[in-house]
Each structure stands twice: as C-alpha cells, then as structure tokens.
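Each remark here refers to the structure printed beneath this line.
In what follows, every heavy atom counts, from backbone to side chain, and hydrogens, waters and symmetry copies are set aside. Just so it is clear, the structure is predicted and the values come from calculations on it, not from any experiment.
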Amino acid sequence: MLSSIFLVLLLILILFRRQILAGLLFFFMGKLAKKMQEQTQDAPKKKESKPKQKPSEKMGEYIDYEEIE
C-alpha cells in the first residue's frame, strides 16, 4: 500500500516537474521582489534618520602660513 502511494507520487512528480518547478520559481521570485521593494522603500527613512554633521566638524582649522613667518 505504501509503495503504491510512493510510486503514484513519484509518477506525478516526473510528469509534472516542469509545472512544479516553474511554480516554485515564480513563488520564490515573488518573495524576493517583495523583499527588495520593502528595502527600497525603507532606504530613504534610514538615510533621513542619520544626524547631519556641520561643515565645521568635517574640516580642520585653516592656518594662514604667511602670518606665522
């Protein structure tokens, strides 16, 4: 009984492997597309949350070497 069920499932898998594999491929591609879309929507929010530095914090102090000599 168990072996006949296994053979039927194996036959179905062999006969419909193209449809099954295509369905699985579209399913996982859809999930991947949703994840990528969520990441692109969340990206501007993450960029805005970073505190902006003032230009004076980025650059050092200007030294006029002509005054030193």
Side-chain angles (χ1 to χ4, degrees):
M1 178 72 180
L2 187 60
S3 62
S4 62
I5 293 172
F6 179 70
L7 288 174
V8 170
L9 290 174
L10 186 62
L11 180 65
I12 290 171
L13 180 65
I14 291 171
L15 291 176
F16 298 107
R17 68 177 179 252
R18 282 189 176 179
Q19 290 84 6
I20 292 171
L21 291 176
L24 287 173
L25 180 68
F26 282 120
F27 174 74
F28 287 116
M29 290 292 284
K31 287 185 105 177
L32 180 65
K34 284 182 184 177
K35 275 187 178 180
M36 291 176 65
Q37 187 176 17
E38 288 175 0
Q39 286 180 352
T40 55
Q41 289 176 353
D42 292 342
K45 293 178 185 175
K46 290 180 181 177
K47 288 182 181 176
E48 291 175 3
S49 64
K50 291 182 181 178
K52 295 183 179 180
Q53 294 180 346
K54 296 179 182 177
S56 61
E57 292 176 4
K58 291 182 182 178
M59 296 179 61
E61 184 179 337
Y62 177 75
I63 300 174
D64 190 9
Y65 290 104
E66 292 179 4
E67 291 181 8
I68 294 174
E69 293 177 3

Could you state the interatomic distance from [atom1] ([X]) to [atom2] ([Y]), rounded to the nearest 0.5 Å?
{"X": "Leu9", "Y": "Ser4", "atom1": "CG", "atom2": "OG", "answer": "9.5 Å"}
{"X": "Leu32", "Y": "Phe27", "atom1": "CG", "atom2": "CZ", "answer": "12.0 Å"}
{"X": "Ile20", "Y": "Leu25", "atom1": "CD1", "atom2": "CG", "answer": "13.5 Å"}
{"X": "Met36", "Y": "Met29", "atom1": "CE", "atom2": "CE", "answer": "9.0 Å"}
{"X": "Ile12", "Y": "Leu7", "atom1": "CD1", "atom2": "CG", "answer": "11.5 Å"}
{"X": "Leu21", "Y": "Phe26", "atom1": "CG", "atom2": "CZ", "answer": "12.0 Å"}

Query raised in the report: If two hydrophobic side chains count as joined below 4.5 Å and joins carry through other members, does Leu10 share a cluster with Phe16?
Result: no
Requested in this report: Quick one: closest heavy-atom pair of Thr40 and Gln37, and the distance?
Outcome: OG1-O, 2.8 Å
